[in-house]
Visitor: 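The structure that follows is given in the form of structure tokens.
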Amino acid sequence: MTRADELVAAAREAALSAYAPYSGFRVGAAVLAEDGTVFTGANVENASYPVSSCAEATAVAHAASQGMRRIIATAVACIDADSIEGAYPCGRCRQILSEFDTEDVYVTTATGEVRTHTLDELLPHGFKL
Ligand code: THU
């Protein structure tokens, strides 16, 4: 299994734990931290919709709160997306991934199609302090 395959599988698995009763759109994310550990997360919605957390944000919070400071690659699995075009990370999540220097992003749906991008492609000229 390649690194991408492993991360995509972990993201797909994480999506099964999504709490998405309002949208019905389950998302899982898996981030590979600098020490080789994989941290996962899923979207966690809230009755007050804007309070919801995206899968990527959950996974990054999981990694960062365990002391990780650099993410090598991230997989995002939108297992309820109709098409790969509808499976890309939202803008806020791109910014969150950029904070920890994510290089590669693997985007996937339930169908098995995987697209690989650099974060630079997805978030050119992202904000950094
Ligand atoms: N969602 C994510 O988890 N990540 C994204 O990058 C885009 C959207 C979630 C938020 C919400 O729970 C559901 O997908 C539908 O918008």
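Everything numeric here is computed off the predicted structure, so don't read it as measured data. The residues of the chain are indexed from 1 along the displayed sequence. In listed order, ligands and their atoms are each counted from 1.
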Visitor: Strictly inside 4.0 angstrom of atom 16 (O) of ligand 1, do you find any protein heavy atom?
Guide: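 So far as the 4.0 Å threshold goes, atom 16 (O) of ligand 1 is out of reach of every protein heavy atom.
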Visitor: At their closest point, which heavy atom of L119 faces which heavy atom of L97, and how far apart are they?
Guide: CD2-C, 3.7 Å
Visitor: Extract all donor-acceptor atom pairs below 3.5 Å that involve side chains of residues 13-25 and protein atoms in other chains or at least two apart in sequence.
Guide:
from, atom 1, to, atom 2, distance (Å)
S23, OG, F25, N, 3.0
S23, OG, E45, OE2, 2.5

Visitor: Does ligand 1 come near enough to E45 that some N or O of the ligand is less than 3.5 Å from an N or O of the residue?
Guide: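 Checking ligand 1 against E45, an N or O pair does fall under 3.5 Å apart.
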Visitor: Is it true that R70 and E99 have a side-chain N and a carboxylate O under 4.0 angstrom from each other?
Guide: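 Salt bridge absent between R70 and E99.
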Visitor: Write out the residue and atom name of the closest protein heavy atom to atom 4 (N) of ligand 1, then the distance separating them to 0.1 Å.
Guide: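 Nearest neighbour among protein heavy atoms for atom 4 (N) of ligand 1, to 0.1 Å: E56 OE1, 2.8 Å.
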Visitor: For ligand 1, which atoms have a heavy atom of P89 less than 4.0 angstrom away?
Guide: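 Listed by number with element: 6 (O).
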Visitor: Judging by distance only, is a nitrogen or oxygen of C90 under 3.5 angstrom from one on ligand 1?
Guide: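 Yes, at least one N or O pair falls under 3.5 Å.
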Visitor: Go through R115 and E85 one step at a time and tell me if the salt bridge (Lys or Arg N to Asp or Glu O under 4.0 Å) criterion holds.
Guide: CA-CA 10 Å; R115 292 220 189 134; E85 284 300 334; 2.9 Å; yes
Visitor: Any idea which protein heavy atom is nearest atom 1 (N) of ligand 1, and the distance to it?
Guide: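 Closest protein heavy atom to atom 1 (N) of ligand 1: C54 SG, 3.6 Å.
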Visitor: Please write down residue, atom name and distance for the protein heavy atom closest to atom 3 (O) of ligand 1.
Guide: A55 N, 2.9 Å
Visitor: Which pair of non-hydrogen atoms, one from T109 and one from A87, has the smallest distance, and what is that distance?
Guide: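 Reported closest heavy-atom pair: CG2-CB, 3.8 Å.
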Visitor: Shortest non-hydrogen contact from A57 to C93?
Guide: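 Shortest heavy-atom separation between A57 and C93 comes out as N-SG, 4.3 Å.
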Visitor: With ILVMFWY side chains joined below 4.5 Å, transitively, what does V38's cluster contain besides itself?
Guide: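 L7, V8, L32, I72, Y106, V114, all in the cluster of V38.
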Visitor: Under 4.0 Å, heavy atoms only, figure out whether ligand 1 is touched by the backbone of S23, its side chain, both or neither.
Guide: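 Looking at S23 and ligand 1, just side chain atoms fall under 4.0 Å.
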Visitor: Should N43 be counted as touching ligand 1, given the test is an N or O pair under 3.5 Å?
Guide: yes
